[in-house]
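Order of appearance sets the numbers: ligands from 1, and atoms from 1 within every ligand.
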Amino acid sequence: MIRDRIPLTLRRGAVPWDQQRPTWPDARPALIEAALERAEHRPSGNWYVLGAASGITADRPFGRTVAGVEVVAWRDAAGRLVAGPGACPHLGAPLKDAVVRCGTLRCHWHGLALNGAATAGWSPLPAHDDGVLAWVRLDAVGGEEPLDRPVLPARPAAGAAVTAVFTATGRCEPRDVVANRLDPWHGAWFHPYSFVDLTVEEPGDEDSFAVRVSFKVAGRMVVPVRAVFSAPEPRTVVMHITDGEGRGSAVETHATPLGPDDRGQPRTAVVEAVIATSARPGFAAARAAAPLLRPLMRAAAGRLWRDDLAYAERRWWLRSTGRFPG
Ligand code: FES
Ligand SMILES: [Fe+2]
């Protein structure tokens, strides 16, 4: 039936943007700050997201600076993720510019070969591919008790999901990104092109925020859902769709500190993984169209993230200049 395939609702009695209920009395700064504090006290095991797992290939090295530490990653001959220091142990060449052939990375300055095993003063770092994201463990940076694996939120089964990973960078710290995501009240005010009719439920448990909201598709067509936000570890906020179209889907926002820029200001990468699933028959077709769907999902996230990064950057600026606590 065609209606089964189109998960849209026609919005009735639409309230204009400036006549919706202000959310600021509910979005208490102390509430958001307390949720952020609790997130920051959860263990991460010193794991940091590098980027999309699919972005690290056997063709070329992937380079990223995490909290000021240069990291290089690639796939070994068996396709396994390898990560390690990004400066060549010989004379310091940037290994992100090296060449990978048959799983072996070869430094382009003097030809030192790395196959993922410790050699010539270079040692791999613990790395983890969770099927969507690639992670590296930096014990000296995190300073926590190391964990064997990163702390991952619940996800839909890989075979039943369409995934897209979006990365953006901002001048802020991870806590500013997390604070933005722990403020669900801004959704329909700040992103009216994406969200309407947003209400935050009374917090049942203090570690999650449940929201009823409609995703705007076009005109009055919306997809109403219930979503729950939580922070399983200090640099991750996940939104689970618990009701409505896409139930079981997850949107994970991961913040990775990159280190200071040349003006000494912090840079943070936001790596957002959309892991979408649906019980609708139309979703099988959507999965087949996944290569088409991914850029669209990324574009939607891109628009939201331009605004959310502006929020996070503003928050950092207010904090760093002492104009605002946090
Ligand atoms: S700097 Fe890499 S081999 Fe010399
Ligand atoms: Fe937002």
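When each atom of ligand 1 is checked for a heavy atom of A93 under 4.0 Å away, the hits are 1 (S). Against a heavy-atom cut-off of under 4.0 Å, L91 is close to the following atoms of ligand 1: 1 (S). Residue contact check: C88 has heavy atoms under 4.0 Å from atoms 1 (S), 2 (Fe), 3 (S) of ligand 1. For ligand 1, the atoms lying closer than 4.0 Å to a non-hydrogen atom of L112 are 3 (S).
Closest approach between the Fe ion (ligand 2) and any N/O/S atom of H186 involves NE2. The name of the N, O or S atom in H90 nearest to atom 4 (Fe) of ligand 1 is ND1.
The existence of a salt bridge linking E70 and K96 is excluded, since no basic side-chain nitrogen approaches an acidic carboxylate oxygen closer than 4.0 Å. Salt bridge annotation for R315-E33: present, with a cationic side-chain nitrogen under 4.0 angstrom from a carboxylate oxygen.
The aromatic rings of H254 and W135 lie perpendicular to each other, with more than 60° between the two planes, well past the 30° mark. Ring geometry, H186 versus H191: the interplanar angle exceeds 60°, so the pair is classed perpendicular (tilted spans 30 to 60°).
Remark: the S44 side chain and the R235 side chain contain an N/O donor-acceptor pair separated by less than 3.5 Å.
Both W47 and V271 sit in one connected hydrophobic cluster of ILVMFWY residues. Membership requires side-chain heavy atoms under 4.5 Å apart, directly or through other members.
Each of V178, N180, D183 was compared with I32 under the side chain to side chain contact (heavy atoms under 4.5 Å, CB included) criterion, and only D183 meets it.
Atom 2 (Fe) of ligand 1 lies at 2.8 Å or more from every N, O or S atom belonging to H110. Taking backbone and side chain together, D307 holds no N, O or S atom under 2.8 Å from the Fe ion (ligand 2). Within the 2.8 Å limit, C107 places at least one N, O or S atom next to atom 2 (Fe) of ligand 1.
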